[in-house]
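Below is one structure, written out as structure tokens, with a few remarks after it.
Residue numbering restarts at 1 for every chain, and letters A, B, ... go by the order of the sequence lines.
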Amino acid sequence: MTQSDKNSAGKSAAQQKSASQPTVAGQKRKRGANTSKLSLDARYESWLRHHRQVAVDSAERLIRHPVASILTMLAIAIALVLPAMLWLGLGSVRALDYDLDSSARVTVYMESGASAKQVSELADEIRNEQSVGSVKVITADEGLHEFQQALGVNDATSLLDANPLPATLLVTPKEREPGAVDALSRQLGELNGVDEARVDLEWLERLHDIGVLGQRLTLGLAVLFGLGVLLVVGNTIRLAVENRRKEIEVVTLIGATHAFVRRPFLYSGAWYGLGGGVLAVALLTLGRGWLSSPISALAQSYGSDYVMPALGFSGSLLLLICSILLGLLGAWIAVGRHLADIRAR
Amino acid sequence: MAIISFEHVGKRYGGRFEAVADLNFSIERGEMVFLTGHSGAGKSSVLKLLTCLERPSRGKVVVGGRDLNTLRNSQIPFYRRQIGVVFQDHQLLFDRTVFDNVALPLLIQGIPPQDAARRVRAALDKVGLLYREKALPIELSGGEQQRVGIARAVVNKPALLLADEPTGNLDPQLSADIMRLFEDFNRIGTTVLLASHDLALIARLRHRILRLRQGRLIADEEGA
Ligand SMILES: Nc1ncnc2c1ncn2[C@@H]1O[C@H](COP(=O)(O)OP(=O)(O)OP(=O)(O)O)[C@@H](O)[C@H]1O
Ligand SMILES: [Mg+2]
């Protein structure tokens with residue numbers, strides 16, 4: 001099917017459609033209706049064609065002013081790097097989650113002399129609690145064994161008449177929120193056959209606070225620097241709109257919709273966002289390469305096998321998506337404000 | 001039925017003063033009409049009301065049976081696509097070729113490129129500038145630029161053609177040429193409404209004349 005066949009096939013549908021739109025041509029002159037209305041298919045095609053054209057055209061406009069474009073992208077990249085770094089840092093704190101887990105753990109000491117059966121029954125009972133994640137049983141014998149290993153003695157029992165250690169249950173709660181852990185610990189302490197339930201609340205609270213602080217700091221900075229990206233893109237687009245004011249006025253006069261006017265600027269914003277995002281990923285990767293060897297050397301000297309966190313594929317993708325969206329949003333706001341302004345004159 | 005009718009239309013741009021006051025007239029399909037009057041009489045205001053650049057303060061403007069007051073903002077672009085407008089300062093884009101300038105309305109409407117090219121060439125041919133399609137507007141004379149503006153206004157084959165001082169900066173010879181062009185479009189059925197204060201030129205052409213003074217219609221002279 002050729003282009004013109006398609007058009008004539010779509011005409012009857014297009015004429016129906018024209019009834020709902022204001023028409024100057026009226027009944028006498030169908031000619032105007034035929035030439036200015038398109039079938040749905042052709043509309044979609046032309047919409048796609050215009051998007052392609054505008055995408056290429058706005059990219060070319062950026063390339064025509066390489067220095068200005070790169071500077072804008074660099075400004076975006078720098079605004080993205082800091083929150084991204086904090087976010088990565090937060091990720092490596094999360095790698096220390098094991099520490100958080102173990103400090104949130106409630107240690108339940110059984111009354112001494114509890115039989116193995118009693119211990120496992122109690123463990124099952126605790127496991128059935130809603131707020132409990134997992135329960136690990138350490139029998140009196142295992143406890144003694146660990147104790148001996150820790151002391152470096154082979155046979156401490158030889159000094160004692162009997163095993164003085166109680167069986168213990170290590171209860172990991174589902175929630176690590178200090179209040180909830182404290183409540184769980186009290187509840188466990190009340191159980192029959194339990195001597196005492198303990199948890200290091202102070203340490204837990206401290207870790208919890210550090211975690212919350214880190215998250216808020218990252219979030220706050222991300223919002224702040226995201227705003228920075230919006231401003232950078234918004235200002236650049238504002239200038240672009242100003243440069244093309246005449247063109248906007250003309251196309252508006254001859255029937256361009258808001259979407260049509262906005263489109264090239266949205267694409268510019270998206271290109272700036274993409275460029276800034278790519279630069280940010282490059283900066284983060286370079287920075288990591290530069291810092292990682294001294295940092296792991298330092299960590300090793302403390303006996304840690306800490307490795308600097310990397311952005312990775314999904315992290316890079318997320319960063320790119322965020323920066324493109326920020327670019328689009330910045331452009332949208334700038335054009336919207338400016339369009340209202342232009343129409344007002 | 002009239003293609004344009006003004007019913008008790010008033011327009012004030014803020015303040016008490018009415019740029020257009022209680023204006024009543026109608027224009028039939030296929031007519032060619034001049035709108036004239038001294039500077040500040042309200043000619044441009046009438047055309048702005050017709051292109052929805054301004055909304056009337058009172059009364060209603062009906063075009064093609066549609067009361068423009070009932071047009072939603074989102075419908076205005078689609079309404080504008082159906083009328084051709086020629087501006088005094090032609091409003092061409094100087095970073096695009098003549099061809100691209102004329103193609104602009106078709107681009108906005110998403111007409112397929114081959115189709116658009118055919119229509120652009122037809123419009124340029126009508127105004128006698130087909131051979132300059134690749135030129136930039138800056139390389140053209142004032143009269144040629146105005147003709148490109150006219151080609152752009154008619155490329156979409158509008159039923160209604162509006163022009164605000166289309167011969168404003170042109171010498172009498174060129175002005176006459178441009179007017180002849182409008183008459184050609186009128187001859188094939190296009191309704192033409194033309195604002196001009198070039199009284200001598202208008203008088204020679206013998207079309208209907210609407211005279212405005214201080215926003216009021218003071219004379220409606222039938223053409224010969
Ligand atoms: N946007 C506006 N804001 C305020 N006043 C306006 C505006 N546009 C026009 N006017 C006033 O309305 C009156 C009519 O103006 P209009 O432009 O319609 O006249 P005109 O007949 O086209 O004049 P000219 O021949 O000089 O172009 C004038 O007094 C003008 O000052
Ligand atoms: Mg005027």
Distance in Å, [X] [atom1] paired with [Y] [atom2], rounded so as to fall on 0.5 Å steps:
| X | Y | atom1 | atom2 | answer |
| --- | --- | --- | --- | --- |
| A/Leu253 | B/Arg80 | CG | CZ | 6.0 Å |
| B/Asp95 | A/Asn243 | CG | CG | 10.5 Å |
| A/Thr257 | B/Ile108 | OG1 | CD1 | 8.5 Å |
| A/Glu247 | B/Arg96 | CD | CZ | 4.0 Å |

Can you name the nearest heavy-atom pair linking B/Gly110 to A/Ser46, along with the distance?
O-CB, 2.9 Å

Taking all heavy atoms of B/Leu93 and all of A/Lys246, pick out the closest pair and write down the distance.
CD2-CG, 4.2 Å

Around atom OH of B/Tyr13, are there more than 12 heavy atoms of other residues, nucleotides or ligands at under 6.0 Å?
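Yes, the 6.0 Å shell around OH holds more than 12 heavy atoms from other groups.
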
Counting heavy atoms not belonging to A/Arg216, are there more than 12 under 6.0 Å from its CZ?
no

Is B/Arg81 reaching over with its side chain to a backbone N or O of A/Gly255, donor-acceptor style, under 3.5 angstrom?
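Flag set: sc B/Arg81 to bb A/Gly255 pair under 3.5 Å.
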
Name the region of A/Val250, side chain, backbone, both or neither, that has any atom closer than 4.5 Å to a heavy atom of chain B.
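The side chain, not the backbone.
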
Report yes if some heavy atom in the side chain of B/Pro112 is under 4.5 Å from a heavy atom in the side chain of A/Arg49; otherwise report no.
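Yes, at least one pair of side-chain atoms sits under 4.5 Å.
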
Given that the side chain runs from C-beta out, which part of B/Phe94 has a heavy atom under 4.5 Å from chain A: side chain, backbone, both or neither?
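Answer is neither: B/Phe94 stays 4.5 Å or more from chain A.
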
Check each atom of B/Leu107 against the heavy atoms of chain A and say whether the ones under 4.5 Å are side chain, backbone, both or neither.
both

